[in-house]
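Residue numbers count from 1 along this sequence. Any value given below was found using the heavy atoms of this structure, including those in side chains, with hydrogens, waters and symmetry copies removed.
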Amino acid sequence: MGALSRLPNIGKVVEEQLNQVGIMSEEDLKAAGSKQAWLKLQEIDETACIHRLLALEGAIQGVKKTLLPEDVKADLKEFYQWHKK
């Protein structure tokens with residue numbers, strides 16, 4: 001188990017995908033931000049959905065995605081609507 005899968009919401013598969021796009025650590029994820037990290041994941045996995053975007057933000061903030069503030073969820077949902085394939 002790598003460093004990323006120790007974060008909330010990040011399992012083995014998402015960690016492997018993050019590694020594939022050059023995000024190897026919590027610091028890398030925070031530097032990229034959830035939106036840019038999700039866009040990179042979407043390039044290699046067209047099934048990357050809103051739940052993955054919320055999961056990435058939750059991992060950055062250190063909380064389960066369900067505990068993200070409503071304004072953060074709304075912002076991410078709007079971003080997702082503009083960028084989904």
Side-chain angles (χ1 to χ4, degrees):
M1 185 161 79
L4 289 168
S5 60
R6 292 188 194 112
L7 299 173
N9 314 307
I10 305 296
K12 184 179 177 182
V13 171
V14 174
E15 178 178 38
E16 288 173 0
Q17 289 182 332
L18 288 167
N19 290 168
Q20 285 177 28
V21 298
I23 297 173
M24 308 301 283
S25 67
E26 181 177 357
E27 294 77 23
D28 292 343
L29 180 57
K30 287 181 177 180
S34 59
K35 293 175 181 177
Q36 290 304 311
W38 182 82
L39 287 172
K40 289 181 178 188
L41 291 182
Q42 190 185 40
E43 290 176 10
I44 64 166
D45 181 1
E46 290 183 3
T47 68
C49 63
I50 182 65
H51 299 287
R52 195 158 322 159
L53 177 58
L54 293 170
L56 292 169
E57 182 60 31
I60 289 169
Q61 293 194 24
V63 299
K64 291 188 175 193
K65 66 182 181 183
T66 56
L67 299 177
L68 289 169
E70 289 304 316
D71 62 323
V72 171
K73 288 180 188 177
D75 177 60
L76 292 173
K77 286 177 184 176
E78 182 179 340
F79 176 84
Y80 174 76
Q81 289 301 319
W82 279 101
H83 295 90
K84 68 180 180 178
K85 290 184 178 181

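Each ring pair (Phe, Tyr, Trp, His ring centres under 6.0 Å) pair with one or both residues in residues 15-56, not counting sequence neighbours, appears once here: Trp38-Tyr80. Applying the salt bridge (charged side-chain N to carboxylate O under 4.0 Å, His left out) test to every pair with at least one member in residues 60-74, sequence neighbours left out, gives these pairs: Glu70-Lys73.
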For residues 42-49, which side-chain donor-acceptor pairs fall under 3.5 Å, sequence neighbours excluded?
| unit_1 | atom_1 | unit_2 | atom_2 | d |
| --- | --- | --- | --- | --- |
| Gln42 | NE2 | His83 | O | 3.0 |
| Asp45 | OD1 | Thr47 | N | 2.9 |
| Asp45 | OD1 | Thr47 | OG1 | 2.5 |
| Asp45 | OD2 | Gln17 | NE2 | 2.9 |
| Asp45 | OD2 | Thr47 | OG1 | 3.2 |
| Asp45 | OD2 | Arg52 | NH1 | 2.9 |

May I have the list of side-chain donor-acceptor pairs in residues 29-37 shorter than 3.5 Å, sequence neighbours left out?
| unit_1 | atom_1 | unit_2 | atom_2 | d |
| --- | --- | --- | --- | --- |
| Lys30 | NZ | Glu26 | OE2 | 3.1 |
| Ser34 | OG | Glu57 | OE1 | 2.7 |
| Lys35 | NZ | Asp75 | OD2 | 2.8 |

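To the nearest 0.5 Å, atom NZ of residue Lys84 and atom NZ of residue Lys77 are 12.5 Å apart.
Summarising the geometry of Ile10 relative to Ala55, their closest heavy-atom pair is CD1-O, 4.5 Å, with the distance given to 0.1 Å. Between Gly58 and Pro8 the shortest heavy-atom distance is O-CG, 4.5 Å. The shortest heavy-atom contact between Val21 and Lys40 is CG1-O, 3.5 Å.
Under the side chain to side chain donor-acceptor pair (under 3.5 Å) criterion, Glu27 pairs with Ser25, sequence neighbours left out.
Side-chain atoms of Asn9 never come within 3.5 Å of backbone atoms of Leu56 as a donor-acceptor pair (strictly under, hydrogens ignored).
With hydrophobic clusters built from ILVMFWY side chains whose heavy atoms lie under 4.5 angstrom apart, Leu76 shares a cluster with Val63. Side-chain heavy atoms closer than 4.5 Å link hydrophobic residues (I, L, V, M, F, W, Y) into clusters, and following such links, even through other members, never connects Leu7 to Val13.
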Exercise for review: Could you walk me through whether Leu41 and Ile23 pass side-chain contact (heavy atoms from CB on, under 4.5 Å), step by step?
Suggested key: CA-CA 10 Å; Leu41 291 182; Ile23 297 173; over 6 Å; no
